[in-house]
Amino acid sequence: MTYIAKPKLRHPGLPTNKLGFTHRDYEGSISTLCAGCGHDSISSAIIQACFELDLEPHRLAKLSGIGCSSKTPDYFLGQSHGFNCVHGRMPSVLTGANLANRDLIYMGVSGDGDSASIGLGQFVHCVRRGVNMVYITENNGVYGLTKGQFSATADKGSKSKAGGTNKDSPIDLVGLALMAGASFVARSFSGDKTQLVPLIMAAISHPGPAFIDVISPCVAFNNHAGSTKAYDFVRAHNEAVNRLDFVDTKAPITVEYAPGTTEVVTLHDGSILRLAKLHAEYNPHDRVGALAYMQGREAAGELVTGLIYIDREAGDLHASMNTVAAPLNRLSEKELCPGGKALEAINAGYR
């Protein structure tokens, strides 16, 4: 039924945000993914996050690579900018677009095959350079588009639908993001919208490389007994390090928390992320401690979700390169080509 267009008529009573937009204004085309796919839940969470943040859809640029996950940008924010790249090369295109126009909000959507295999080097360098972006991996542990082979994030010992056992060690994208220098690192579950939506909202407001790994079960090839990326397995082994509520300073949300259980994290733009801590000893500002905690819980057979790390003093690529504030396409020829004397002065500075 994917050939059927969404109806253009809308109920006049649909709720709107401060800009007058409804949820429908943040939707895209009808999904062609399998019914029950976790990726559709992630698209729904992105729509909800942008609606609650009162974002103008045209301010967001969404980029993707190849795979089931990389099809999903077509299913949300149909009025935003979009670019579908070749396999594994999305981070480089996103970096170039960000350098050319820093006024847009950049969201890269990828998968475990697109980011952990052919695009692994691209992913690491995009993060370490400090590109201001939201990078979401929709992680299901299989190549769903090519009939369910194990991906690089499949856990050792997990079983495929066909009965095979994975003998390779998995690549942990969260650990890589932490080691590469991401200033916002989180993991969530596509079936936990209560946790995922505020994480996406916080990542969008964060002024640096924000990475979210979302476990997203593949209902066609990886949602069976023996799979560590199945709905039942994730629900049974989910170890949430915090309970999340994003508070935008432009529109405060009143939330009641038990005394002594809340930690307030102030983001660079003044927005607030409130953490209702489930573990008093967990510190989301300690990069080394976050890595150690994740490895310890993994050894115990638990999957850590929530806000794993955030840097209070995050910067981005433009700050480190001292670029101009105006988008490059708005600069005149005189500004872009200041002449021979300016070039001589630049060259002299390197001698």
ask   = Are E27 and R24 close enough, and set up right, to give a salt bridge (charged side-chain N to carboxylate O under 4.0 Å, His left out), and what steps lead you there?
value = CA-CA 5 Å; E27 294 177 0; R24 292 296 306 276; 3.0 Å; yes
key: Backbone of T22 reached by a side-chain donor or acceptor of D25 within 3.5 Å   = yes
Contact check, side chains of Y309 and D286, non-hydrogen atoms, under 4.5 Å = no
query = So Y26 and F51, would you call those rings parallel, tilted or perpendicular, with 30° and 60° as cut-offs?
reply = perpendicular
message = What's the separation between atom CD1 in I200 and atom CD1 in I136, rounded to the nearest 0.5 Å?
response = 4.5 Å
query = Under 4.5 Å between any side-chain heavy atoms of L317 and L99, yes or no?
reply = yes
Euclidean distance, L173 CG relative to L120 CG, rounded to 0.5 Å = 7.5 Å
inquiry  = Is there a path of hydrophobic side-chain contacts, each under 4.5 Å between heavy atoms of I/L/V/M/F/W/Y residues, joining I66 to F221?
reply    = no
inquiry  = Donor-acceptor pair, distance only, cut-off 3.5 Å: does the side chain of D54 make one with the backbone of K18?
reply    = yes
query = Is there a donor-acceptor pair under 3.5 Å between the side chain of N132 and the backbone N or O of G208?
reply = yes
task = Could you tell me whether the side chains of D311 and S183 share a donor-acceptor contact shorter than 3.5 Å?
result = no
ask   = Regarding D213 and Y135, is there a side-chain donor-to-acceptor distance under 3.5 Å anywhere?
value = no
request  = Decide whether K193 and S41 meet the rule of one side-chain donor and one side-chain acceptor closer than 3.5 Å.
outcome  = no
task = Cation-pi check, K62 to F76: give yes when NZ or CZ is under 6.0 Å from the six-membered ring centre and within 45° of the ring axis, no otherwise.
result = yes
Check: L307 and L199 side chains under 4.5 Å, non-hydrogen atoms = yes
ask   = Hey, mind stepping through D112 and N140 against side-chain contact (heavy atoms from CB on, under 4.5 Å) and telling me if it holds?
value = CA-CA 7 Å; D112 42 300; N140 55 24; 3.2 Å; yes
ask   = Sub-3.5 Å donor-acceptor pair from the side chain of Y106 to the main-chain atoms of V131, do we have one?
value = no
query = Mind checking whether T323 and R102 have side chains closer than 4.5 Å, heavy atoms only?
reply = yes
key: L104 vs L60, side-chain contact (heavy atoms from CB on, under 4.5 Å): CA-CA, chis, key distance, verdict   = CA-CA 6 Å; L104 297 178; L60 191 137; over 6 Å; no
remark   = Here the gap from L19 atom CG to E56 atom CD, rounded to the nearest 0.5 Å, amounts to 5.5 Å
request  = Please check if F123 and F83 belong to a single hydrophobic cluster, counting links between Ile, Leu, Val, Met, Phe, Trp and Tyr side chain heavy atoms closer than 4.5 Å.
outcome  = yes
Shortest non-hydrogen separation from M107 to I204 and the atoms involved = CE-CD1, 4.2 Å
request  = Determine yes or no for a side-chain-to-main-chain donor-acceptor pair under 3.5 angstrom, with R287 supplying the side chain and L178 the backbone.
outcome  = yes
Stepwise side-chain contact (heavy atoms from CB on, under 4.5 Å) check, L331 with V324 = CA-CA 10 Å; L331 299 179; V324 295; 4.1 Å; yes
inquiry  = For Y143 and S117, which I'm curious about, is there any donor-acceptor pair between the side chains at under 3.5 Å?
reply    = yes
request  = Mark yes or no for whether R128, through its side chain, and A182, through its backbone, hold a donor-acceptor pair below 3.5 Å.
outcome  = no
message = If I take atom OG from residue S64 and atom CZ from residue R89, how far apart are they, to the nearest 0.5 angstrom?
response = 14.5 Å
query = Side chain of R187, backbone of V304: donor and acceptor closer than 3.5 Å?
reply = yes
key: Flag side-chain contact, heavy atom, 4.5 Å: D168 against K156   = no
key: Between S115 and S110: side-chain donor-acceptor atoms closer than 3.5 Å   = yes
task = May I ask you to test the L53-S205 pair for a side-chain heavy-atom distance under 4.5 Å?
result = yes
message = Can a donor-acceptor pair be found, under 3.5 Å and without considering hydrogens, that links the side chain of H318 to the backbone of N98?
response = yes
inquiry  = Just so I know, are the side chains of L336 and E333 near enough to count as touching, which here means a heavy-atom distance under 4.5 Å?
reply    = no
request  = State, to 0.1 Å, how close Y75 and T32 come at their nearest heavy-atom pair, and which atoms those are.
outcome  = OH-OG1, 2.6 Å
ask   = Can the ring centres of Y282 and Y293 be said to be less than 6.0 Å apart?
value = yes
query = Is there a donor in the side chain of T72 and an acceptor in the side chain of H39, or the other way round, less than 3.5 Å apart?
reply = no
key: Contact check, side chains of V174 and F211, non-hydrogen atoms, under 4.5 Å   = yes
query = Considering all heavy atoms of both residues, which atom of T95 and which atom of C126 are nearest to each other, and what is their separation?
reply = OG1-SG, 3.7 Å
ask   = So, H58 and Q79: side-chain donor and acceptor under 3.5 Å apart, yes or no?
value = no
inquiry  = Give me the atom names and distance for the closest heavy-atom approach of L77 to P57.
reply    = CD2-O, 4.4 Å
key: Separation between NZ of K341 and CD1 of I346, rounded to the nearest 0.5 Å   = 14.5 Å
ask   = Are L176 and I118 joined in one hydrophobic group, where the rule is that I, L, V, M, F, W and Y side chains link up if heavy atoms are under 4.5 Å apart?
value = no
message = Would you compute the distance between atom CZ of R297 and atom CE of M294 and round it to the nearest 0.5 angstrom?
response = 12.0 Å
I171 to A116 - nearest heavy-atom pair and separation = CD1-O, 3.4 Å
message = According to a hydrophobic-cluster definition based on side-chain heavy atoms being under 4.5 Å apart (Ile, Leu, Val, Met, Phe, Trp, Tyr only), do F150 and L303 belong together?
response = no
inquiry  = For S216, is there any backbone N or O sitting under 3.5 Å from a side-chain donor or acceptor partner on S190?
reply    = no
inquiry  = Looking at every non-hydrogen atom in both residues, tell me the closest pair between V142 and C218 and how far apart they are.
reply    = CG2-CB, 3.9 Å
key: Same cluster (ILVMFWY, side-chain, under 4.5 Å), F233 and V219   = no
ask   = Between N139 and V214, is there a donor-acceptor pair closer than 3.5 Å when you use the side chain of the first and the backbone of the second?
value = no
Pair N166, S158: side-chain N/O donor-acceptor within cut-off below 3.5 Å = no
